[in-house]
Amino acid sequence: MHFSVKHHQIKHLYRDYTIVFLIVAVCMFGTYLLTGHSLIWRLDGANQHLPLLENFRQGLGDLLSGKISSLPQWSYQMGLGGDNFSVYSYYLIGDIFAYLTLLFPAAKVVVVYQWLIVLRLYCAGLSFVFLASHFDFTKNVINTGALVYLFNAFLLYSAEAQPFFTTPFIIFPFLVLGIEKILQKGSPWPLTGAFIWMLVSNYYFAFVLGLGAIIYLVLRVSFYYLHDLNYLKTLGKLAFATLTSILVSSFMLVPEIFAVMNSTRAAGNFANGLKIYPLYYYLALPSQFINGGNRDFYFWSALGYASIAFFAVVFIFSRLKRFPLLSTTFIISFVMLLFPVFGAIFNGGMAPSNRWTLLLCLPISLATCALVQDSVKLSDRLFKYFSYALLIYAVIIGITYYFQSDEKLFVPFIFLFVSLAALMIIHFKQLAHPHRFLMLIVLANVSLNAIYYEAPYNGGYSNEMLPLGAYTNLNDNLYSGLDKKLAPVDQRGYRTSTTSNNFDLGAGYHLYNSLPNNSTSLTSYYSVQNKYIGQFAEEMKNIQYDANVPLRQVDDRTILNNFLGVRYIFNWLNQDNYQKVPAGYYLDKTSQLVTDPNGTGDKDQQARRYKSDNAFPLFYWQGQVFTHKQQRKYTASQKERALASGVKVSEKAARGLKRATVKNETNKIPYRLISSRGNEVDPHHLEKKDSEETYQIVLSRPVNEESEDYYPDSELHLEFTNIKYQPYSLDQQIKFEQLHQSSRGMTGLLSQNNQYNYYKYLRYHVLQGSPDTSFKLNVDSSLGTETIEQPKQSALSFYKDIKGGSMNVGHFNNSLPQSLTLTPSKLGDYSFDLKVVATPLAKNSNYQKQVKQIQKDKLQDLKMSQDKISGQITTANTGILTSSVPYSKGWQVKVDGKKRPVLKTNTAFIGVRLPRGHHQVTFTYELPGAKLGQKLSITGLLAALLGGIVSLIYYRRSRQK
């Protein structure tokens, strides 16, 4: 398998590739047309990729048409507000396909987005075909490899779910070609160009591709060039390509580094604490290799190649001396798939995500090409290897099927035998067109995989896509029109939200972002989030916190909603938590009631808008302060309550200012924890051995309380701290499950099959990864169910280590409930500290008085323009102008025209210290690292220009010789 840097001209290669691609594309994408689905994934597609593309296209159009002179660096509408660059650089700025939207009207972006999915995939195949044409492969061999390269489980999923995941498949072949060009004494410019594209496109995949390029370089040199290289000249070219590309790309890289280092991801737990994967991962791994219909990417080990790839790997190992690079690559990849540490390394030291498997697609596809190319001259001995390997593999899959029962394996498993039969036919029958025959077999394999993968039956992927027209309808009628006349935050200074876990709009859609809708919601869902917002959420013990979605609806907590300027809250009647409306929010407007045709009232539908007059201004003055040292011993409820009593600042900023307090602002409620079996339980030693056992948190009334109402108009929080969970061993869990089954008496008389029950529970717990540290603590009240959840370590970027949380049970107008129901989700030993806290929020409470004072002390004449916030205020004393605008090192502030230090207030927000008197205050935002990055890029361009001149002179001299 000779690799030449010279591209071989193969007649009709790209034409035939296009035909083959279109055949599978019809199977893959045509399914959606037949079933009425779009190519817009209900999660990331509808919440991130498409709305961001719409805004990006609109901004570019305004810039090119002269409506704006520059793109805004700060967004007021991404959650509480955030850096535009940190989000758009991850998803769009370096994506060349995003700029193709400029060729179409802005109103057509939804349609163009879906066509770009197809175009990206086609270009990924073109990239492979171009690379493969540098080998001694025939046209049909190359197209067979392209089918394996494109239509695997990774791209069948990612091409639609997260379209920019396709781009690395386009870039990686060019990286290989660029490296090979240098190794074969050629120019460094192809590699320089590929590196620049890689670095600008997306920094996450640049990291993955960069590591892949290094591994390829080391292995290629070790096996093929070790004794033939001019090392000094080769290293010089590699250094030039690397340094020049890094410098040229610095206008993107430097701000991105700043953004990532100041994001919630920077504090991730390495490999989510895993040393080895759960048992189910290893059981599933063998079948994952050919399971092209599979979407259960355990730890993102997305493989799912055409079945012929299995024989390609066996073929490569049977020719170790001939294919040392490919065989070594497969050995290294296999080892990497076995241990979480490698997934974490390729994921930047965070979750053990095996997205690096995208790099494996290229060697697998080239191995397939090598097998198909040699299919006419395979030996009888090799067919024995094929047969033995298939037998062993089939037995392994059969054993794991005993646990998984995965019907998605049907097509790939059948094609294992079909592929072997095809190879044998070629071997014994001397076909006229053997390569075409194998290509057609693989074409049928991947086409059926695609149909099975995408079809809506049996939980197919199209069920996760929005119906045709749904996205447009979603934007037009997200809140049933109740938001139509509400101005965004930069015009009115307030925000909106929903009640938590309430907005079920069908098709599995989750409302994580409000873009491109004009109303500004608290929630935001992006891969890069402001770390200070994350710290604020964790400090408030927000149980809805995730690194990718730090706030959500702040668990409907009243003071947090008020503090963050939420004036309007939307919800849907009869959906989860529709009664759990924060205190002070009154019904303001509703949509038309849609009654259930069968007269079932709890199935009636109606959108509702609630309004509060207690929303804090975006900027306001506080004369009293807290410090970190002062708040260190506060409970989460006290820290939340402190937001109205004062402002938290550093010790330095607090000097000379009056200290605030929250003494007597919250009430601790005594309680008892009673098991459903009737015994009182110590929360430090809670042993759950029965899956149906629950616990009542019985609240005690105050001593000598005569009124039936106690702590009226209060919000009730359950503050869990020091949570520990020790799961029972696998044997213990099965034993307790069987004991529970056998204790059901006559109701379970026909279920007393101990042998079957043992297998049933064993299978369940193995597939769930038991014993593992995940759990849920569910608390039920009359207002709904609240949950503190410890995710599984397989949750990847959504994993978090839960030690506690402040659970908002809800606001109760009259009495607090007499009891709440606690249900731990899993068997095991639990230990936690629990405080039950009530925060008074009545109209005559001290909190309401503080809110009114805050509203009086707001920044007047507030103006929010592009990257600038200004206003004026008169203060009676020295104090702190604080806000709910997220802090970033890019903010600068001037008071009366003089530069002042920007304070980080309340952990996460911008502010400034103001002396007594009347002041004009102006905050401006400038992207951190932008100037340094631009300077380095200019240096890189100059270096590239100098390198180009030297290359031109060298080229001309070589021609003259």
Side-chain angles (χ1 to χ4, degrees), residues 29 32 37-61 75 77-79 82 84-102 104 106-124 154-170 200-205 256 295 300 302 355 358 454 461-462 464-475 478 505 507-517 521 523-529 548-549 797-798:
F29 301 113
Y32 294 95
H37 291 89
S38 67
L39 298 183
I40 304 170
W41 192 36
R42 66 192 184 191
L43 297 178
D44 292 8
N47 279 282
Q48 296 177 341
H49 300 283
L50 180 49
L52 286 171
L53 182 62
E54 287 185 283
N55 277 25
F56 188 64
R57 165 62 181 83
Q58 185 66 51
L60 287 178
S75 169
Q77 289 185 274
M78 290 192 291
N84 268 321
F85 181 86
S86 63
V87 173
Y88 284 97
S89 64
Y90 185 82
Y91 294 96
L92 288 168
I93 295 177
D95 180 11
I96 60 175
F97 292 93
Y99 296 91
L100 295 179
T101 58
L102 291 170
F104 304 91
K108 299 294 183 181
V109 170
V110 175
V111 176
V112 175
Y113 168 84
Q114 297 174 75
W115 278 108
L116 287 177
I117 288 174
V118 183
L119 179 61
R120 289 174 198 266
L121 199 61
Y122 176 74
C123 290
F154 195 112
L155 280 178
L156 284 174
Y157 168 80
S158 293
E160 298 160 15
Q162 293 140 333
F164 71 87
F165 278 30
T166 310
T167 305
F169 287 82
I170 304 174
V200 169
S201 177
N202 175 275
Y203 59 84
Y204 172 74
F205 284 118
E256 284 172 344
R295 289 203 321 282
W300 251 101
R355 286 196 182 112
L358 70 91
E454 312 296 348
Y461 195 31
S462 59
E464 299 186 23
M465 300 294 164
L466 295 183
L468 289 170
Y471 180 80
T472 301
N473 187 40
L474 182 69
N475 283 329
L478 181 60
L505 300 176
Y509 174 79
H510 294 273
L511 183 63
Y512 288 145
N513 285 325
S514 61
L515 287 172
N517 195 281
S521 176
T523 186
S524 65
Y525 170 43
Y526 302 110
S527 291
V528 180
Q529 295 278 8
N548 294 333
V549 198
S797 60
F798 284 93

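Nothing fancy with the numbering, it's 1 onward along the sequence.
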task: Give the intermediate values and the outcome of side chain to side chain contact (heavy atoms under 4.5 Å, CB included) for residues Q162 and W41.
output: CA-CA 8 Å; Q162 293 140 333; W41 192 36; 4.2 Å; yes
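- Taking all atoms of both residues into account, the shortest heavy-atom contact from T166 to A124 is CG2-CB, 4.1 Å.
- Taking every heavy atom of both residues into account, A98 and F56 meet most closely at CB-CE2, 4.1 Å.
- Across N513 and N47, no two heavy atoms sit closer than the pair ND2-O, 2.7 Å.
- Between L156 and E454, some side-chain heavy-atom pair lies under the 4.5 Å cut-off.
- Shown here are the side-chain hydrogen bond (donor to acceptor under 3.5 Å, both in side chains) partners of Q114, two or more places apart in sequence or in another chain: there are none.
- Looking at residues two or more places apart in sequence or on another chain, you find no side-chain hydrogen bond (donor to acceptor under 3.5 Å, both in side chains) involving T101.
- Between atom CD of residue Q48 and atom OG of residue S524 there is a gap of 10.0 Å, rounded to the nearest 0.5 Å.
- A donor-acceptor pair under 3.5 Å links the side-chain atoms of Q529 to the main chain of N548, judged by distance alone.
- Under the rule for a side-chain hydrogen bond (donor to acceptor under 3.5 Å, both in side chains), Y157 has no partner lying at least two apart in sequence or in another chain.
- By the 30° and 60° cut-offs, the orientation of the rings of Y90 relative to F164 is perpendicular.
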- request: Mind running side chain to side chain contact (heavy atoms under 4.5 Å, CB included) on L155 and L358 for me, showing each step along the way?
  value: CA-CA 9 Å; L155 280 178; L358 70 91; over 6 Å; no
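- Closest of all the heavy-atom pairs between A161 and D44 is O-CB, 4.0 Å.
- Taking all atoms of both residues into account, the shortest heavy-atom contact from L100 to L119 is CD1-CD2, 3.7 Å.
- Inter-residue side-chain proximity for N202 and D95 is flagged as unmet; no heavy-atom pair is nearer than 4.5 Å.
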- request: Evaluate the side chain to side chain contact (heavy atoms under 4.5 Å, CB included) criterion for residues Y99 and I93: first the C-alpha distance (whole Å), next the side-chain angles of each, then the deciding distance (0.1 Å), finally the verdict.
  value: CA-CA 9 Å; Y99 296 91; I93 295 177; 4.0 Å; yes
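- Considering only heavy atoms from C-beta on, M78 comes within 4.5 Å of N84 through its side chain.
- The structure places CG of L121 at 9.0 Å from CD1 of I170, a figure rounded to the nearest 0.5 Å.
- Closest approach of H37 to M465, counting heavy atoms only: CD2-O, 3.4 Å.
- Between the R57 side chain and the K108 main chain, no donor and acceptor come within less than 3.5 Å of each other.
- Side chain of Y91 to backbone of S527: a donor-acceptor contact under 3.5 angstrom is found.
- Note: W300 and F154 have tilted aromatic rings, judged against thresholds of 30 and 60 degrees for the angle between ring planes.
- When side chains are defined from C-beta on, I96 does not count as touching T167, because their heavy atoms never get closer than 4.5 Å.
- Using a 3.5 Å distance cut-off with no hydrogens or angles, the side chains of Y526 and S86 do not pair a donor with an acceptor.
- Under a 3.5 Å cut-off, the side chain of S75 and the backbone N or O of G82 do not form any donor-acceptor pair.
- With a 4.5 Å cut-off on side-chain heavy atoms, L50 and Y471 count as touching.
- With a 4.5 Å cut-off on side-chain heavy atoms, N475 and E54 count as touching.
- Side-chain contact annotation: Y32 with E160, donor-acceptor N/O pair under 3.5 Å present.
- Ring-plane geometry between F165 and F205 is classed as perpendicular, the angle between the planes exceeding 60 degrees on a 0 to 90 degree scale with a lower cut at 30.
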